[in-house]
S.K.: 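Below are the structure tokens for one structure; questions will follow.
The structure displayed is predicted, hence computed values, not measured ones.
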Amino acid sequence: MKTNQERWYIYLAECKDKSLYCGITNNIVKRFWQHNGIKAGGAKYTKGRRPVTLLAYHSVADKSQALLLEITLKKLPKQKKLAFLLGLQQQAQL
């Protein structure tokens, strides 16, 4: 089994303006430090919309799975994005 550092995550964040941001990472803590300006990096979209809050995330085995889920999630309307990702989290806990 892979360690947490080797796993990939798809996540959904809420920005200060209540817009949603979807992304993938292999280090969720570092990524949110970047989104919130604590560390260098982060998405251009979130820089002007701080603070950014993590709403939900889901762990997958590899980057390709994360990318496929990200593509699927970005096609959904705003209200369905969170429901989709929260549904994946609940399934993973079963």
Side-chain angles (χ1 to χ4, degrees):
M1 181 163 184
K2 292 185 175 189
T3 66
N4 284 343
Q5 287 290 28
E6 297 172 18
R7 295 196 56 84
W8 281 81
Y9 301 89
I10 180 166
Y11 62 89
L12 194 60
E14 183 177 59
C15 300
K16 181 181 178 180
D17 66 359
K18 303 296 182 192
S19 63
L20 297 180
Y21 179 83
C22 176
I24 65 168
T25 185
N26 62 352
N27 187 329
I28 200 101
V29 173
K30 178 182 175 186
R31 190 65 177 145
F32 270 80
W33 287 348
Q34 291 173 325
H35 282 312
N36 283 299
I38 298 165
K39 281 192 160 267
K44 186 185 258 187
Y45 183 83
T46 61
K47 284 185 182 180
R49 294 173 170 85
R50 293 178 182 149
V52 177
T53 306
L54 178 65
L55 295 179
Y57 68 93
H58 181 71
S59 173
V60 293
D62 56 47
K63 187 176 182 178
S64 64
Q65 286 181 350
L67 285 168
L68 288 173
L69 276 174
E70 181 184 29
I71 290 166
T72 300
L73 198 58
K74 285 185 174 185
K75 290 179 183 178
L76 296 176
K78 184 177 180 177
Q79 292 180 346
K80 289 188 178 184
K81 288 177 182 180
L82 186 57
F84 176 81
L85 204 50
L86 288 174
L88 287 176
Q89 281 184 316
Q90 290 173 354
Q91 289 175 10
Q93 292 174 359
L94 296 178

S.K.: Taking Leu67 as the starting point, is it possible to reach Leu12 by hopping between hydrophobic residues whose side chains are less than 4.5 Å apart?
M.R.: yes
S.K.: Answer yes or no: does atom NZ of Lys75 have more than 12 heavy-atom neighbours from other residues, nucleotides or ligands under 6.0 Å?
M.R.: no
S.K.: OG1 of Thr53 to NZ of Lys18: how many Å apart, nearest 0.5 Å?
M.R.: 7.5 Å
S.K.: Using every non-hydrogen atom in the two residues, find where Ser59 and Arg7 come nearest and quote the distance to one decimal.
M.R.: OG-NE, 2.6 Å
S.K.: So, Glu14 side chain and Leu20 main chain: donor-acceptor pair closer than 3.5 Å or not?
M.R.: no
S.K.: What residues, two or more places apart in sequence or in another chain, satisfy salt bridge (Lys or Arg N to Asp or Glu O under 4.0 Å) together with Lys80?
M.R.: none
S.K.: Measure up the Tyr45 and Tyr21 rings against each other and bin them: parallel (under 30°), tilted (30 to 60°), perpendicular (over 60°).
M.R.: parallel
S.K.: State, yes or no, whether a side-chain contact exists between Arg49 and Ser19 at a heavy-atom distance under 4.5 Å.
M.R.: yes
S.K.: Determine whether a donor-acceptor pair (N or O, by modelled atom type, separation under 3.5 Å) exists between the side chain of Arg50 and the backbone of Lys16.
M.R.: no
S.K.: Rounded to the nearest 0.5 Å, how far apart are NZ of Lys39 and CZ of Phe32?
M.R.: 15.5 Å
S.K.: Quick check for you: to the nearest 0.5 Å, what is the distance between Leu73 atom CG and Ile10 atom CD1?
M.R.: 5.0 Å
S.K.: Transitively linked via ILVMFWY side-chain contacts under 4.5 Å: Ile71 with Trp8?
M.R.: no
S.K.: Report the distance from atom CG of Leu55 to atom OH of Tyr11, rounding to the nearest 0.5 Å.
M.R.: 12.0 Å
S.K.: Got a second to check how far Arg31's CZ is from Thr46's OG1, nearest 0.5 Å?
M.R.: 7.0 Å
S.K.: List the steps and the verdict of side chain to side chain contact (heavy atoms under 4.5 Å, CB included) for Lys63 and Ile24.
M.R.: CA-CA 8 Å; Lys63 187 176 182 178; Ile24 65 168; 4.3 Å; yes
S.K.: Between Asn36 (side chain only) and Val52 (backbone N and O only), is there a donor and an acceptor less than 3.5 Å apart?
M.R.: yes
S.K.: Measure the shortest side-chain to side-chain distance between Gln65 and Leu68 over non-hydrogen atoms and say whether it is less than 4.5 angstrom.
M.R.: no
